[in-house]
Amino acid sequence: MGKASYKASIALFASTPGTSMALAIGKLLRVPLGKVRLERFSDGELRAQLLDDVVGKDVFIVGPTHAPTDNLLELAFMADAARGGGAKCVTLIIPYLSYNRQDKHKPGKPLSSRVVMDLLARSGASRVIVVDIHAEHTLEHFGGLEVLHLSAAPLAAAYVKKTLKKPFAVASPDRGGIARAQALATLLGASDVVFFEKSRHEHGAVKSMTTATPEKITGKHVLFVDDMIDSGGTLVQAAAVAKKAGAKTVSAFASHAVLSGNALKNLQSALSGLILTDTIPHVALRSKQARVTVLPLAPLFAQTIIDLMSSRPSKARAKSPQKSRRTR
C-alpha cells in the first residue's frame, strides 16, 4: 500500500495530551487529525465523541496516559467509540503508559499495572504501541491484544554519538535498568555498563547510592540511562557518586520525562546534560532556558504506522505468547 492511499484508509485521532504528537505524526503521513468532541457532565464526568466517520478504517489514537487519570479515560473512551463506530482496526499509540511501575503484588495493594492494561484491552482496541516500558513482563496484562514495544535507544544513540565526548562510560542508576543501559551501550560500541546500588527509606525516597566499580568511572564522561525520570532523586544521588569517583562529566538519557515537583531544577544542577524524548508533553522543556535536549518520537511512530499499513515484514522480534513484539 502506497502513501497516497493512507488518507483513505487511516483515521488519526488524539486525546488531549496526545494532540501535539498526533499532529506531528499526521504531518509526516499527510493524514489530517480527526475531530473529537470532549464534554463534561455537570458532575465532572467525561464524555468523548469522534466526529469523523471511521467505518471500515484503520483507526490510530494517540494518547499518553500520564496524570491526571482523565488522560487514561479519554483514551479508553475514544477506543470504545471507534469500535462502536465501525472501525476496521483500532490501534492505541501510547507514548507513555502510566502505572507500569506498579508491577508487583504486595499485601493489601493492587497490581495497578494489570488493572490499567486490562481497562485498555477491554476498550475496543486491537493493538497497542508503547515505548520503553518500565517492566516488560507486564505487557502480558494486555491479554490477546497485539503489542508493539518500541525502543527509543537507536534514536538516542544517534544523537549521543554526535555529542558525547570520549572516553565515556554508560551507567545504570540501579540493577533493574542494566539491560536497558546495556542496549544503548551496545549501540554506542561500549562493552560494559557500570551499575549503581541504591537503598531506600521506608517511605520510598533514596537513602544511599553506591557503585562497586568506581574505577570504571574515573576520568570518563558518564552517561546514565533510565526509562523514566520522576522526582529525579535517584539520578541526582547517582550523579554525586559518579562525580566523587572522578567522572569528568555526568549526563543522562531517559525516554519518559515525568519530572514531578522540582525534578527539572534539581537535575539541571546535578547534570551537565539531559536528553529526553517527547512521550510526555512539558511546556517547560520547550524553553531554551531548560537546557534539555528533547528527541521527537513522531518519526518513529509514523514509520511504524507505515510498516503496519503497507504489510511489510516488521523489524520487531517476538517477545511473548500474547503477540507482544519489541522493535529496536
Side-chain angles (χ1 to χ4, degrees), residues 96-97 100-101 103-104 130-138 149-161 163-200 204-259 263 266-267 270-277 279 292-293 295 319 326 328:
Y96 173 73
L97 180 62
N100 189 242
R101 286 176 286 177
D103 63 325
K104 296 180 178 64
V130 294
V131 179
D132 289 331
I133 289 297
H134 180 72
E136 193 165 351
H137 69 272
T138 61
H149 186 189
L150 308 183
S151 171
L155 184 65
Y159 176 80
V160 169
K161 284 180 179 179
T163 59
L164 188 62
K165 297 179 180 179
K166 297 182 179 180
F168 69 86
V170 178
S172 172
D174 54 44
R175 282 184 175 271
I178 293 176
R180 187 179 302 111
Q182 187 62 64
L184 183 56
T186 299
L187 292 173
L188 295 174
S191 59
D192 198 10
V193 168
V194 182
F195 69 88
F196 285 60
E197 295 275 14
K198 62 183 177 183
S199 61
R200 293 184 180 273
V206 177
K207 179 168 62 175
S208 64
M209 180 78 65
T210 60
T211 177
T213 54
E215 68 279 0
K216 294 183 179 181
I217 295 174
T218 305
K220 295 182 179 180
H221 300 277
V222 177
L223 174 68
F224 281 97
V225 180
D226 212 343
D227 64 316
M228 71 174 70
I229 301 177
D230 190 348
S231 68
T234 296
L235 263 180
V236 167
Q237 292 207 30
V241 173
K243 291 175 182 178
K244 188 175 180 179
K248 285 187 174 182
T249 61
V250 180
S251 57
F253 164 71
S255 299
H256 308 298
V258 180
L259 300 180
N266 295 336
L267 289 165
L271 303 172
S272 58
L274 180 58
I275 308 165
L276 304 166
T277 77
T279 60
V292 175
T293 298
L295 305 177
K319 292 298 291 183
R326 176 86 183 212
R328 294 293 181 184

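- The list of ring pair (Phe, Tyr, Trp, His ring centres under 6.0 Å) pairs with a residue in residues 229-249, not counting sequence neighbours, is empty.
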- Given side chain to side chain contact (heavy atoms under 4.5 Å, CB included), test Thr138 with Glu136 step by step and report yes or no. CA-CA 5 Å; Thr138 61; Glu136 193 165 351; over 6 Å; no

Could you pull out every donor-acceptor pair under 3.5 Å between side chains of residues 179-187 and any protein atom, sequence neighbours left out?
{"unit_1": "Arg180", "atom_1": "NH2", "unit_2": "His134", "atom_2": "O", "d": "3.4"}
{"unit_1": "Thr186", "atom_1": "OG1", "unit_2": "Gln182", "atom_2": "O", "d": "2.9"}

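- Identified under the ring pair (Phe, Tyr, Trp, His ring centres under 6.0 Å) test for residues 217-238, with sequence neighbours left out: Phe196-Phe224.
- For the atom pair Thr163 OG1 and Leu223 CG, the distance stands at 8.5 Å (nearest 0.5 Å).
- Between Leu267 and Val292 the shortest side-chain heavy-atom distance does not fall below 4.5 Å.
- In terms of heavy atoms, Phe168 sits closest to Lys220 at O-CD, 4.0 Å.
- Taking both residues in full, the closest heavy atoms of Leu164 and Ser251 are given as CD1-OG, 4.3 Å, listed atom of the first, atom of the second, then distance.
- When all heavy atoms of Ala263 and Ser231 are compared, the pair lying nearest together is CB-O, 3.2 Å.
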- Query: Going through the checks in order, is the side chain to side chain contact (heavy atoms under 4.5 Å, CB included) test met by Thr277 and Phe253?
  - Reply: CA-CA 9 Å; Thr277 77; Phe253 164 71; 4.1 Å; yes

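- Every salt bridge (charged side-chain N to carboxylate O under 4.0 Å, His left out) that Lys216 has, sequence neighbours left out, goes to Asp192.
- When the side-chain hydrogen bond (donor to acceptor under 3.5 Å, both in side chains) test is applied to Thr279, the partners found at least two apart in sequence or on another chain are His256.
- Residues Val193 and Ser172 share a closest heavy-atom pair of CG1-N, 4.0 Å.
- The closest donor-acceptor contact from the side chain of Asn266 to the backbone of Gly233 lies at 3.5 Å or more, if one exists at all.
- The CD1 atom of Ile275 lies 5.5 Å from the OH atom of Tyr159; values are rounded to the nearest 0.5 Å.
- With sequence neighbours excluded, the residues satisfying salt bridge (charged side-chain N to carboxylate O under 4.0 Å, His left out) with Arg101 are Asp230.
- Of all non-hydrogen atoms in Asp132 and Ser151, the two that sit nearest each other are OD1-CA, 3.4 Å.
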- Should Ile133 and Asp227 be marked as a side chain to side chain contact (heavy atoms under 4.5 Å, CB included) after you check the CA-CA gap, both sets of side-chain angles, and the distance that decides it? CA-CA 7 Å; Ile133 289 297; Asp227 64 316; over 6 Å; no

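- Heavy atoms only, all atoms of each residue included: Ala254 and Ile229 are closest at CB-CG1, 3.5 Å.
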